[in-house]
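These notes concern the structure reproduced below.
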Protein chains: 2
Amino acid sequence: MIEITQEERDAVYKTIYNRRDTRSEFKSDEVDDEVIQRLLDAAHHAPSVGYMQPWDFIVVKDKKIKQKIKDGFEIAHKEATDMFKGEQKEKYKKLKLEGILESPIGICITCDRKRTGTTVLGRTANLEMDLYSAVCAVQTLWLAARAENLGVGWVSIVHHEVVQDALGIPDDIVPIAYLCIGHVTHFKAKPELEEKGWLARMPLEELVHYDTWGNKKLDEKN
Amino acid sequence: MIEITQEERDAVYKTIYNRRDTRSEFKSDEVDDEVIQRLLDAAHHAPSVGYMQPWDFIVVKDKKIKQKIKDGFEIAHKEATDMFKGEQKEKYKKLKLEGILESPIGICITCDRKRTGTTVLGRTANLEMDLYSAVCAVQTLWLAARAENLGVGWVSIVHHEVVQDALGIPDDIVPIAYLCIGHVTHFKAKPELEEKGWLARMPLEELVHYDTWGNKKLDEKN
């Protein structure tokens, strides 16, 4: 059996704890194609429901295409600004929320919901499982990128139609994530939104329940 | 800046490539509470949209509660069996698809869609981003578990209402994943569904596009 050693385990935790959403720290240096291929292959080894591997990866380097994504971000960002009120709105406006043009590589991860037909093992009771599989590929790529000392930023403030149109993605394929990827000046010690006082990290114990929702009494139960 | 060394990077890839969905290989040995806490803390360091940390974790050890999940699986599994036809149906019936009772620990990961109010930074154009964040926590926990040499199986063949009812989850909280966790006799060399001929792994190059969907000509473009 392939054992993960304690040192290897610690490397995984180090990577998990030091992963960040990167917006402002991208450097323009090229990323080796070899490294990109390693990230894609890692993502392709994410779990998928019924082994359907519903993902595709579109690697974006073209500046005109990136500009279309950026334009789409600007529209969605303006809409979003209008949804916040008062002090939150002022805070929101000051945040830099993407690095679309600064990062050398964009990767769009999509989900082909019909990749292996309509009846999918494991997706019979929960139809969203294929979308979730594609998200597992996103997080796998993100951790692999951090292990390569590359920053990743997930651009979620853009409408699907814009991404679909900019990248020529067929109508029946669902864009899951548009990621900005590149070398970085540094990784922040804490998530940017925590650092800037947007929200604090919740204490883990508030989020953990034992056997049933709301039950915090581990010792009495076991 | 915290650098990931080449050895550490390789440990991350080793973990990604050797992660499996475990159904038949669980051992009944207890898992240390300390290890469970490490897994939960790792999952709590997944990315989340607007830093909303929408997840909760319900750690299940109670046999009666596990039995309710198992009963729910049996119902959904029977429904699923009827959806497959001919040879596929026979193959499907022979697969063992969960280890709910055999694994010492169940962990349910949920999503609280209103955790930080209704307007969430980064979730304005894409309302599903909070669900996706919770899925990132699932995959983070899964990789951490593999790094601890623990098996994980995602039970997706069960209706949400069953999980909600068995674990007393409030109506407005969305169950994302019910995971079986435990020590294992071994990790399979390949995903079980590949090994058993259900589906093959797709060649990566079929899934990678450059700049626009369908464009495979990396060299000409760069």
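Reminder, nothing fancy here: chain letters follow the sequence lines and each chain counts from 1.
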With a 4.5 angstrom heavy-atom cut-off, could you sort out which part of [X] is near chain A: side chain, backbone, both or neither?
X: Ile58(B); result: both
X: Val163(B); result: neither
X: Trp55(B); result: both
X: Glu79(B); result: neither
X: Leu39(B); result: both
X: Ile75(B); result: neither

[X] side, atom [atom1]; [Y] side, atom [atom2] - distance, nearest 0.5 Å:
X: Thr15(A); Y: Leu143(B); atom1: OG1; atom2: CG; value: 10.5 Å
X: Glu8(A); Y: Asp10(B); atom1: CD; atom2: CG; value: 9.0 Å
X: Asp211(B); Y: Ile65(A); atom1: CG; atom2: CD1; value: 4.5 Å
X: His209(A); Y: Ile107(B); atom1: NE2; atom2: CD1; value: 12.0 Å
X: Glu205(B); Y: Leu40(A); atom1: CD; atom2: CG; value: 11.5 Å
X: Thr118(B); Y: Met83(A); atom1: OG1; atom2: CE; value: 10.5 Å

Best-contacting candidate, [options], against chain B by heavy atom pairs under 4.5 angstrom:
options: Asp56(A), Leu199(A), Asp112(A); value: Asp56(A)
options: Leu167(A), Thr5(A), Asn149(A); value: Asn149(A)
options: Lys85(A), His159(A), Lys14(A); value: Lys14(A)
options: Ala76(A), Ala42(A), Ser48(A); value: Ala42(A)
options: Thr124(A), Val60(A), Thr119(A), Val59(A); value: Val59(A)
options: Lys64(A), Arg9(A), His77(A); value: Arg9(A)

[atom1] of [X]: more than 12 outside heavy atoms within 6.0 angstrom?
X: Asp171(B); atom1: CG; result: no
X: Gln88(B); atom1: CD; result: yes
X: Ile2(A); atom1: CD1; result: no
X: Glu74(B); atom1: CD; result: yes
X: Asp172(B); atom1: CG; result: yes
X: Lys190(B); atom1: NZ; result: no

*Are Tyr210(A) and Asp62(B) close enough that a side-chain donor and a side-chain acceptor fall under 3.5 Å?*
no
Side chains of [X] and [Y], heavy atoms from C-beta outward: is any pair under 4.5 Å?
X: Ser156(A); Y: Val49(B); result: yes
X: Leu95(A); Y: Leu121(B); result: yes
X: Glu148(B); Y: Tyr13(A); result: yes
X: Phe57(A); Y: Leu204(B); result: yes
X: Pro170(A); Y: Trp213(B); result: yes
X: His160(B); Y: Asn126(A); result: yes
X: Trp154(A); Y: Ser133(B); result: no
X: Leu207(B); Y: Arg115(A); result: yes

Any side-chain to backbone donor/acceptor pair from [X] onto [Y]? Under 3.5 Å, distance only.
X: Gln53(B); Y: Met202(A); answer: yes
X: Gln139(B); Y: Tyr132(A); answer: no
X: Thr212(B); Y: Gly168(A); answer: no
X: Arg20(B); Y: Pro47(A); answer: no

Between [options], which has the largest tally of heavy atom pairs under 4.5 Å with chain A?
options: Leu97(B), Thr185(B), Ile176(B), Val138(B); value: Ile176(B)
options: Arg201(B), Glu194(B), Glu128(B); value: Arg201(B)
options: Gly214(B), Ala80(B), Ala43(B), Ala125(B); value: Ala125(B)

Any idea which heavy atoms bring [X] and [Y] closest together, and the distance?
X: Ile157(B); Y: Gly122(A); result: CG1-CA, 3.7 Å
X: Ala11(A); Y: Val12(B); result: O-CG2, 4.1 Å
X: Ala144(B); Y: Ile16(A); result: CB-CD1, 4.2 Å

Checking [X] against chain B: side chain, backbone, both or neither under 4.5 Å from a heavy atom?
X: Tyr51(A); answer: both
X: Ala177(A); answer: neither
X: Val120(A); answer: backbone
X: Ala166(A); answer: backbone

_side-chain hydrogen bond (donor to acceptor under 3.5 Å, both in side chains) between Asp41(A) and Tyr17(B), intermediate numbers included_ = CA-CA 9 Å; Asp41(A) 198 54; Tyr17(B) 284 106; 2.6 Å; yes
